[in-house]
Enquirer: 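What follows is a structure written as structure tokens; I'll ask about it next.
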Amino acid sequence: MTKHALITGVTGQDGAYLSQLLLNKGYEVYGLIARRGTDTQGRLRELGIADQVRLIDGDLIDLSSMIRALEKSKATEVYNLGAQSFVGTSWDQPLLTAEVTGTSVVKMLEAIRIANPEARFYQASTSEMFGQIQESIQSERTPFHPRSPYGVAKLYGHWITVNYRESFGLHASSGILFNHESPLRGTEFVTRKITLALARILHGQQTILELGNLDSKRDWGFAGDYVRAMWMMVQNDQPEDYVVATGQTWTVRTFVEMAATHAGFKLEWEGENENTQGIDRNTGKVIVKVNPAFYRPAEVDILIGDPSKANQKLGWKPEVDFERLVSMMMEADLRRVIS
Ligand code: NAP
Ligand code: G4F
């Protein structure tokens, strides 16, 4: 029998890759879509699947639309990926973030209890919940200390998922995913901001790339690998929580250097902290500059995940390494800027 899945956040990076994965497995894929803009389906189109995903109007703050989406889709698997997902914005819109990223999770869980308690549920939790890290390598057992309104909202979503599993026996799993990127990453996130800017600079459409904290370290993986982990969690008989990560960490500075090398710049750094500049030795031009406007009120300095549980219990491991990820993103933006 054909499986039906409902994805919130279907127009986002992960929503697009997960839709592709599920369609390839023969699922009927339904996506909850909040029609705010005129062109929200760009990522689904880029993967060539826009006409295969069935869209249902709805919003994460509207419980009734979630119940209707569950009824219309007849979903037996629900992937809750929708969120205000940009950490920086969460200080400017903390209440919206609390609702869309935090308390909407209990609405989706309630919708499941009302419309189909047998449906399996995946919650998109995050390494941002570790924030000011309490252990040098973070696992499912590491205590949380979020550092942003986004991280705090996600922590609510995480614990309410655990609570509904324990209270009502729902098949609800929470994936604590570390940063994952791709050519479909939003341009506000640092990796894509870097690759797009370098491609534009190379083609004379931009002069400089301004960044904040270059020393911040992240465990960056490929989104295509990470949506596979989501699906594996939902298929497992036992609903549980899993860290999904590569186990390696890199600075923002290293990301810039690798991307610049890939794009053909010879980058050298001068100055320190707020005076830091990245100069292209080919041309003598400054192409990267630190701008404190991009610093955050409270930073997550470093994240490194331990994916052993996902590896042992689900058989999951990442296939794309950091270097390949950077080159994949850089190549995609070079192609986009030229065309
Ligand atoms: P993304 O590209 O920002 O996608 C977010 C999605 O949520 C978009 O489809 C967006 O729709 C939708 N959305 C926002 N507000 C909504 C609302 N009120 N009602 C319905 N839909 C709404 O995020 P992503 O990178 O794919 O991440 C997917 C999920 O994983 C998010 O929950 C994120 O917080 C979490 N996460 C991401 C990472 C990562 O590194 N990527 C790591 C850990 C956890 P519009 O396009 O219409 O705005
Ligand atoms: O790319 P970012 O904005 O991602 P961040 O804050 O780590 O959040 C992402 O990953 C989380 C998982 O850990 C997700 F839950 C969340 O939804 C999102 O997908 O920033 C990464 C780092 C930060 O330390 C930031 O301060 O890069 C630093 N950074 C330096 N300059 C910058 C910039 N970040 C952005 N966005 N823009 C800059 O100019």
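Counting starts at 1 for both ligands and their atoms, in listed order.
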Enquirer: Show the atoms of ligand 1 that are less than 4.0 angstrom away from any heavy atom in K154.
Expert: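 Counting from 1, the qualifying ligand atoms are 31 (C), 32 (O), 33 (C), 34 (O), 35 (C).
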Enquirer: Of all the atoms in ligand 1, which lie at a distance below 4.0 Å from a heavy atom belonging to T126?
Expert: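 Those atoms are 43 (C), 44 (C).
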Enquirer: Within 45 degrees of the ring normal and closer than 6.0 Å to the centroid, is that where the cationic atom of R113 sits relative to F168?
Expert: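 Yes.
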Enquirer: Short N/O distance, under 3.5 Å, between S85 and ligand 1?
Expert: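 Yes, since at least one N or O of S85 sits under 3.5 Å from an N or O of ligand 1.
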Enquirer: If hydrogens are left out, which of G12, A83, S182, G175 has an atom nearest to atom 7 (O) of ligand 1, that is, the closest non-hydrogen atom?
Expert: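 Heavy atom nearest to atom 7 (O) of ligand 1 belongs to A83.
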Enquirer: Quick one: list whatever passes ring-ring contact (aromatic ring centres under 6.0 Å, His included) with F86, sequence neighbours left out.
Expert: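 Applying ring-ring contact (aromatic ring centres under 6.0 Å, His included) to F86 gives F189.
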Enquirer: Say whether N179, considering both its backbone and side-chain N or O atoms, lies within less than 3.5 Å of an N or O atom on ligand 1.
Expert: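 There is no such contact.
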Enquirer: Which residue, H180, E181, R218, forms the side-chain hydrogen bond (donor to acceptor under 3.5 Å, both in side chains) with T191?
Expert: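 The residue from H180, E181, R218 that satisfies side-chain hydrogen bond (donor to acceptor under 3.5 Å, both in side chains) with T191 turns out to be E181.
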Enquirer: Please work out which of T191, V244, L81 has its closest non-hydrogen atom nearest to atom 32 (O) of ligand 1.
Expert: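 Nearest option to atom 32 (O) of ligand 1, by heavy atoms: L81.
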Enquirer: Specify the closest pair of heavy atoms between V243 and F178, including all atoms of both residues, with the distance to one decimal.
Expert: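 Heavy atoms only, the tightest pair is CG1-CE1, 3.7 Å.
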Enquirer: Go through ligand 1 atom by atom and flag the ones less than 4.0 Å from a non-hydrogen atom of S125.
Expert: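 Those qualifying, in numeric order: 43 (C), 44 (C).
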Enquirer: Which is closest to atom 33 (C) of ligand 1 by heavy-atom distance: Y150, Y79, F86, F189?
Expert: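 Considering heavy atoms of Y150, Y79, F86, F189, the nearest to atom 33 (C) of ligand 1 sits in Y150.
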Enquirer: Is there any N or O on D14 that sits under 3.5 Å from an N or O of ligand 1?
Expert: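 Between D14 and ligand 1 (N or O atoms, distance only) the closest approach is under 3.5 Å.
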Enquirer: Can you list the ligand 1 atoms lying under 4.0 Å from a non-hydrogen atom of A124?
Expert: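 Near A124, the atoms of ligand 1 are 29 (C), 30 (O), 32 (O), 35 (C).
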Enquirer: Would you say ligand 1 has an N or O under 3.5 Å from any N or O of Q13?
Expert: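 In this structure, Q13 places an N or O atom under 3.5 Å from an N or O of ligand 1.
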Enquirer: Show the numbers, then the answer: is there a salt bridge (charged side-chain N to carboxylate O under 4.0 Å, His left out) between R253 and D215?
Expert: CA-CA 6 Å; R253 191 187 300 266; D215 298 319; 3.0 Å; yes
Enquirer: Compute the shortest N/O to N/O distance between L60 and ligand 1 and return yes if it is under 3.5 Å, no if not.
Expert: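 Between L60 and ligand 1 (N or O atoms, distance only) the closest approach is under 3.5 Å.
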Enquirer: Checking side-chain contact (heavy atoms from CB on, under 4.5 Å) against I112, which of V78, L6, N80 comes through?
Expert: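 The option that passes is V78.
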Enquirer: One pair to check against salt bridge (charged side-chain N to carboxylate O under 4.0 Å, His left out): K313 and E240. What are the steps and the verdict?
Expert: CA-CA 10 Å; K313 286 202 155 181; E240 284 183 55; 3.1 Å; yes
Enquirer: If you group Ile, Leu, Val, Met, Phe, Trp and Tyr whenever their side-chain heavy atoms sit less than 4.5 Å apart, what else falls in with L63?
Expert: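 Listed partners: I67, I114.
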Enquirer: Counting both backbone and side chain atoms, is some N or O of T40 under 3.5 Å from an N or O of ligand 1?
Expert: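 In fact, backbone or side chain, T40 has no N or O that close.
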Enquirer: Could you tell me whether E323 atom CD has more than 12 heavy atoms of other residues or ligands within 6.0 Å of it?
Expert: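 No - once you tally the heavy atoms of other residues, nucleotides and ligands closer than 6.0 Å, there are 12 at most.
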Enquirer: Tell me every residue that passes ring-ring contact (aromatic ring centres under 6.0 Å, His included) with F121, counting only those two or more places apart in sequence or in another chain.
Expert: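 Applying ring-ring contact (aromatic ring centres under 6.0 Å, His included) to F121 gives none.
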Enquirer: Under a strict 4.0 Å criterion on non-hydrogen atoms, which protein residues are in contact with ligand 2?
Expert: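 Only S85, F86, V87, T126, S127, E128, Y150, N179, R185, E188, F189, V190, K193, E210, L211, G212, N213, S216, R218, V252, F294, R296, E299, L303 have heavy atoms that fall under 4.0 Å of ligand 2, ordered by chain and number.
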Enquirer: Using a 4.0 Å cut-off to any heavy atom of R185, which atoms of ligand 1 qualify?
Expert: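 Answer, ordered by atom number: 25 (O), 39 (C), 40 (O), 41 (N).
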